[in-house]
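The structure appears right after this line, and notes come after that.
All residue numbers in this chain count up from 1 along the given sequence. Both backbone and side-chain heavy atoms feed into the values below; hydrogens, waters and symmetry mates do not.
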Amino acid sequence: PSLLPAYRGPAPVARAILDGAERTGVAVFRVVAEVDAGPVASAREVQILPGEDRPSLSARLAEEGGRMLAEVIAALARGGAAWRPQEGTPSHAPKIRAEEMRIAWAHPAERIWRTVRAGAGGPWAHTSFPDTGGARRLNLARVEPCAAPSPGAPGTVHTVGGWPVVLCGAGAVRILSCRPAGAREMPGDAFLRGRPALAGRLLGGAP
């Protein structure tokens, strides 16, 4: 699920989202000893939709890839498949590491939004929140960038229209859906209603 030789490796979809790419694609290629380096029979560009996360983009790319693979198999059966070497400088898409998914609230809201979208479905982007007995992990399923309601330290939680809005290094994000450790996924407003004392506190302390 990439336009080879771009994003060779195990995490091409997540890496494209993390990088803020506007387009990616699908390539049907022949497997060789070097990772994702074989000749290509078919390639097609796919636009990354605004706000799209890894599961939804992966599903669209898989659907497109299925159609392309059927076309290539039909061409092979006719003896008409044309394989061409990959052109251009390769880029790489290593596996997403858990530490990459820990939110640094000093980053801009746009970057945090991309991290949450890339980690959707696992490994989740995560932070921690103060709870009885210490800090507790919070997986972030969906957020959206928004204006900062007031100045303050990155990671500070505000309540805006009943929803948790967290200050970032630039701007803020609204938590639309999240999952505290040991609990089910829930809307951000439901999470905040159960923890009204969280307003004004900081996220991201030691878990």
Side-chain angles (χ1 to χ4, degrees), residues 10-21 48-60 93-207:
V13 179
R15 292 291 175 189
I17 292 173
L18 276 173
D19 289 349
I48 300 176
L49 302 178
E52 193 163 31
D53 63 14
R54 187 184 61 80
S56 62
L57 179 55
S58 294
R60 287 204 303 121
K95 182 179 178 180
I96 300 293
R97 304 185 309 276
E99 55 267 29
E100 292 180 84
M101 291 289 101
R102 183 168 177 82
I103 297 296
W105 294 106
H107 288 157
E110 172 71 24
R111 178 170 173 177
I112 291 171
W113 183 45
R114 295 200 310 262
T115 302
V116 172
R117 290 160 50 209
W124 298 96
H126 62 277
T127 186
S128 58
F129 65 96
D131 197 18
T132 305
R136 185 175 169 191
R137 178 175 169 132
L138 181 67
N139 290 333
L140 300 176
R142 286 193 306 124
V143 303
E144 63 180 4
C146 61
S150 65
T156 303
V157 179
H158 288 263
T159 302
V160 180
W163 292 85
V165 171
V166 188
L167 300 184
C168 306
V173 295
R174 179 179 292 105
I175 298 177
L176 301 176
S177 183
C178 59
R179 182 175 183 174
R184 60 177 176 81
E185 186 175 326
M186 63 185 71
D189 58 344
F191 169 73
L192 191 59
R193 279 198 302 273
R195 299 161 184 83
L198 195 59
R201 304 285 297 278
L202 286 170
L203 301 185

Look up atom [atom1] in [X] and atom [atom2] in [Y], then write down how far apart they are to the nearest 0.5 Å.
X	Y	atom1	atom2	value
Ser128	Leu203	OG	CG	7.5 Å
Ile17	Trp113	CD1	CH2	10.0 Å
Leu140	Ile112	CG	CD1	9.0 Å
Ile103	His126	CD1	NE2	8.0 Å
Ile96	Met101	CD1	CE	5.0 Å
Asp131	Arg195	CG	CZ	6.5 Å

Side-chain donor/acceptor of [X] to backbone N/O of [Y], under 3.5 Å:
X	Y	value
Thr127	Leu138	no
Arg15	Pro94	yes
Arg114	Leu18	yes
Arg54	Ala120	yes

Quiz item: What's the verdict on side-chain contact (heavy atoms from CB on, under 4.5 Å) for Ile175 and Phe191, showing C-alpha distance, side-chain angles and the deciding distance?
Solution: CA-CA 9 Å; Ile175 298 177; Phe191 169 73; 5.6 Å; no

Of all heavy-atom pairs between [X] and [Y], which one has the smallest distance, and what is that distance?
X	Y	answer
Phe129	Leu198	CB-CD1, 4.2 Å
Lys95	Glu100	O-OE2, 3.9 Å
Val116	Ala141	CG1-O, 3.7 Å
Thr156	Ala153	OG1-O, 2.7 Å
Pro10	Pro12	C-CD, 3.3 Å
Ala148	Ala172	CA-CB, 3.9 Å

Self-check item: Residue pair Thr115, His107: steps toward the side-chain contact (heavy atoms from CB on, under 4.5 Å) verdict
Solution: CA-CA 11 Å; Thr115 302; His107 288 157; over 6 Å; no

Quiz item: Heavy atoms, side chains only, cut-off 4.5 Å: are Cys146 and Val165 in contact?
Solution: yes

Exercise. Count the heavy atoms belonging to other residues, nucleotides or ligands that lie under 6.0 Å from CZ of Arg111, then report whether that count exceeds 12.
Key: no

